[in-house]
Amino acid sequence: MLANVVLGFLWGGITAYVLLAGADFGAGFWDLLAGSATGGVDKRRRIAESIGPVWEANHVWLIFALVVTWTGFPSVFAAIASTLYIPLTAVAIGIILRGSAFAFRGAVTGLSLQRPFGAAFAASSVVTPFFLGTVAGAIASGRVPLGIAQGNVISSWLNPTSILGGALAVEVSAYLAAVYLTRDCQRDNERGLALYFRRRALVMGVITGLTALLGIVVLHSDASRLFTGLTHRGLPLVLASVVFGSLSLVLLVLQRFVAIRITAALAVIAVLWAWGLAQYPDVLAGEVTVSSAAAPDQTLLFLVVSLSIGSAILIPSLVLLYSLFQSAPAKPSQLSSR
Amino acid sequence: MSVVGDAASNLGAARAQMGLSLGWHIVFACLGVGFPALILIAEWRGIHGDADAMRLARTWAKVAGVLFAVGAVSGTILSFEMGILWPRLMGEFGAVFGLPFALEGFAFFIEAIFLGIYLHAWDRLSPMRHLASGIPVAIAGVASAFFVVTANSWMNDPQGFTMVNGRVTDPQPLVAMFNKATPVETIHMILAAFMVTGFLVASVYAAGRLRGRSDRYHRVGLILPLIVATVITPAQIVVGDIAAREVADNQPIKLAAMEGIGATEAGAGEHIGGIFINGQLQFAIVLPHMLAFLAKGDPNATVVGLDSVPAADRPQAVTLIHLSFDTMVGIGFLLLGLGIWMLVRWIRRRGPPTSRWFLRAALVAGPGAVVAMECGWITTEVGRQPWIVYNVMRTSDAVNPAPGLYWGLVVLVIVYTGLTAVTLFVLRRIKKANVNADVNANANVSV
Ligand code: HDD
Ligand code: HEM
Ligand code: HEM
């Protein structure tokens, strides 16, 4: 019971990470494609302004997921980290390059300096979600055995399901980012930019959908357990995702930019929880279940109590952060745009 | 494929990688703990009419934005490394000492959230509200230092679990968190963070003044952080003394390594400097009976030597541990001297000292505090070897045996070298831009 509560917190944290930090990565993706240094200036400024105040807080969801895993499901954390050390090291380096390059770019003036930092920021924004996706694919396809370094250090994450996971992670991030940015532009009366990001949201939405369709084929041959789970227990959520995904595209065409934030997020949530449901009660697919992987009850109890108290402080703080930057500033913001 | 034979060759690389990452992170972490308070003091003065202090607060906030980002991402790497490098530590003991990390996670949330607000909402909040938005940042920084160091103190003084047939049972996270090493280690670390921040920031302005910038902005920028740091220094020495006695009681072999005591000795002397060769400390200055007195409160007490445990249970790098400890203590007293110098001059001349020699001393105090802090960690971590969890789990049993692990070290050395260079470069640019703004605009602050 307690184990399931902790798992719920964990999966909730991962969901928040995908929806929030994912979009920050996606913003980096669009930064990469924003065009020449001079032509892309307004897009890059928009991106920097939108993610500047929030990316560090969004990033903490990852730490949250790590520490809850290693406290609540220590053996699972050990198995994942020891077998998948290569993609995880790539993620870690991607994170350090992205975060510092973004901060550096904001702190220097002059295009000649901003450009290399911008490039590092943008490139690592694509690499990082890709490798995180391969990690998800490795776990979902049952390639991480319980135990220390028991899996193959290469093929565990270099396989069809992992590649699919990586591609989907990059695409979903980019899609969410475009959707969120569209609304930010609309709010700040940047009509041209809003249309620019809307077009990209549409294209990326379609690409993501097509990848997901292709994914069905991949999973069928490469991860049959997951495939069975998704087509049986997870099916309602899979269908929900299709519905919300299609609805989002319609809303994009209709330019309902607030509503689409919600439907786009719901589509992504549905996919994530479909995976979770398909795999449940296994935490490592085919290897170990929630109840047998969980830490003893005393630890779980302390963890649940801490997580509950922590959430009570966290949620109002997060609301404050997001609402503060959702309204236009009193004066045009100068600080974050540098 | 399961390769288990690589543990031995991975160990050295993994330790080097962990040490490098931690040694790097801790500098930024110290600033994450100490800087918010310093900035808030300056902003407080600024709101009450001190334009120079307000300008300092604005500049420091901008610098902090960069430093915090680098601190946050380098800390994230550490979280990965706990599992990538030491999966058996986490797998066996995660249930015991994971809780403080989870609590730390919330502290990070609060820190990051309010930092986002503080850095980006100067023009969205009233001055007092803006100041208030920085307070959670300062508190959360101290809290996260507390939590993570309780995890480390547990590694030094493990408790809150029972071993049955080599398996951990009955984990008690709160008992683990509040072990005997916790109070002194956490306090010592938090004070160190404020010292590092204060002395480092002061260094920057001491450099400016040595180059002839003696306007009020530079004077306040020097003296404000310097006061904070020098006031803390004596307290830090007292806490360090308590820490040494705690180590003497609970980790006697570490104390023997810190002091270079090869053979158990009654009325042991305090050893300063020297090299540990063939089980003996040579070329050291010895203050007779001092160690026995300092560590045990009795000049004739017996101090346990390294030879009291089998060779396999002793730390190898005794010279490094001993000299690191000496360096930390030495720098601690030098910094105390700096504080006394300032105090005496202040009383005599009714104002802060301005001589070039004092400025030079203040200039090196910042890097000195960093060195002391790093030496303290080397003492603690290398002195605990060969144990990752003292007397319970060996570092060699904790390491990830996966093939090819050492490549991580190679990559990380390259990344950290580059990042250090670029961080320093960017900070210099901020400073330069600030000096130019100083020359061009007069008092009107737009930074
Ligand atoms: C500005 C930094 C600084 C200064 C001036 C000092 N220390 Fe320190 N010391 C640290 C920064 C530090 C540290 C890096 O923060 C450590 C590492 C672990 C810890 O808790 O604090 C540490 C560890 C540490 C330990 C090991 C604790 C353990 O392994 O559990 C001892 C015995 C001392 N210190 C003692 C002293 C003494 C007697 C000092 C007198 C001058 C002193 N320290 C000054
Ligand atoms: C931030 C300040 C710290 C520094 C500079 C530091 C330094 C080091 C160094 C140099 C090593 C390598 C020791 C050796 O190989 O002989 C090490 C190892 C290690 N440290 Fe620390 N440490 C710090 C804090 C911490 C904290 C707070 C934790 C845990 C909560 C921690 C956990 C570890 C672990 C797991 C290892 C690897 C195993 C070992 O060598 O014992 N360290 N650290
Ligand atoms: C004595 C050692 C340590 C101290 C005092 C310390 C303190 C801090 C502080 C104050 C921050 C916030 C940094 C900032 O915003 O600038 C931070 C960041 C971080 N630290 Fe450390 N830390 C230590 C060691 C460690 C260790 C051993 C780990 C992991 C095992 C770790 C994990 C992290 C993580 C994940 C972050 C980023 C959090 C974020 O996203 O804001 N730290 N640390």
Side-chain angles (χ1 to χ4, degrees), chain A residues 52-54 56-57 59-60 62-64 66-68 70-71 74-75 77-83 85 88-89 91-93 95-96 99-100 102-104 106-109 113 148-150 152-153 295-296 298-299 302-303 306-307 310 313-314 317-318 320-321 324-325 329-331 333 335-336, chain B residues 1-3 62 65-66 68-70 72-74 76-77 79-80 82-84 87-88 90-92 94-95 98-99 101-106 108-110 112-117 119-124 170-174 400-405 408 411 415 419 422-423 426 429-430 433:
Chain A
V54 294
E56 274 197 70
H59 166 76
V60 182
L62 176 63
I63 323 285
F64 176 89
L66 290 175
V67 299
V68 172
W70 85 39
T71 312
S75 57
F77 179 75
I80 294 173
S82 56
T83 288
Y85 82 90
L88 287 174
T89 303
V91 169
I93 288 168
I95 285 174
I96 205 169
S100 42
F102 181 68
F104 292 157
V108 297
T109 44
L113 271 180
I148 307 294
Q150 292 301 302
N152 187 304
V153 295
Q298 293 110 299
T299 302
F302 280 114
L303 194 57
S306 322
L307 292 176
I313 305 173
L314 179 64
S317 309
L318 280 173
L320 178 67
L321 174 70
L324 193 60
F325 293 100
K331 293 178 269 162
S333 168
L335 270 161
S336 50
Chain B
M1 181 180 71
S2 91
V3 183
K62 194 164 183 194
V66 173
F68 287 7
V70 180
V73 289
S74 64
T76 308
I77 298 222
S79 303
F80 279 89
M82 293 298 278
I84 290 175
R88 288 212 170 88
M90 304 317 288
E92 288 290 327
L99 188 70
F101 290 104
L103 297 173
E104 197 195 14
F106 283 104
F108 288 152
F109 264 127
I110 297 301
I113 290 171
F114 285 93
L115 194 69
I117 296 177
L119 292 181
H120 296 272
W122 288 93
D123 48 10
R124 286 173 191 257
D170 191 23
Q172 304 192 348
L174 282 187
N400 185 357
L405 195 73
V411 175
V415 169
L419 205 57
V422 177
T423 307
V426 169
R429 293 284 299 203
I430 296 181

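These values consider heavy atoms only, across backbone and side chains, with no hydrogens, waters or symmetry-generated copies. Proteins get letters first, then strands, A, B, ... in listed order; numbering begins at 1 in each.
Of the listed residues (B/Ile84, B/Val66, B/Asp170), the greatest number of heavy-atom pairs within a distance under 4.5 Å of chain A belongs to B/Ile84. Heavy-atom pairs under 4.5 Å with chain B peak, among A/Thr83, A/Thr71, A/Ile93, A/Val91, at A/Thr71. Note on B/Gly98, B/Ala95, B/Gly91, B/Gly83: by heavy-atom pairs under 4.5 Å with chain A, the leading option is B/Ala95. Ranked by non-hydrogen atom pairs under 4.5 Å with chain B, the options A/Ala79, A/Ala57, A/Pro74 are led by A/Pro74. Of the listed residues (A/Ser100, A/Ser306, A/Ser82), the one with the most heavy-atom contacts under 4.5 Å to chain B is A/Ser82. Options A/Val68, A/Ile80, A/Thr299 differ in how many heavy-atom pairs under 4.5 Å they form with chain B, and the most are formed by A/Thr299.
Rounding to the nearest 0.5 Å gives a distance of 5.5 Å between CE of B/Met90 and CZ of A/Phe77. Taken to the nearest 0.5 Å, the CD1 atom of B/Ile113 stands 12.0 Å off from the CG atom of A/Leu324. Atom OG of residue B/Ser74 and atom CD1 of residue A/Ile95 lie 11.5 Å apart, to the nearest 0.5 angstrom. Atoms CG and CZ, on B/Leu119 and B/Phe68 in that order, are 7.5 Å from each other to the nearest 0.5 Å. To the nearest 0.5 Å, the span separating CD1 on B/Ile77 from CE on B/Met82 amounts to 14.5 Å. Put simply, CZ on B/Phe101 and CZ on A/Phe64 are 16.0 Å apart, with the number rounded to the nearest 0.5 Å.
Residue B/Leu103 touches chain A through its side chain alone, counting heavy-atom pairs closer than 4.5 Å. Both the backbone and the side chain of B/Leu99 come within less than 4.5 Å of a heavy atom in chain A. Heavy atoms of A/Leu66 lying under 4.5 Å from chain B belong exclusively to its side chain.
For A/Tyr85 (side chain) and B/Ala402 (main-chain N/O), no donor-acceptor pair under 3.5 Å exists by modelled atom type.
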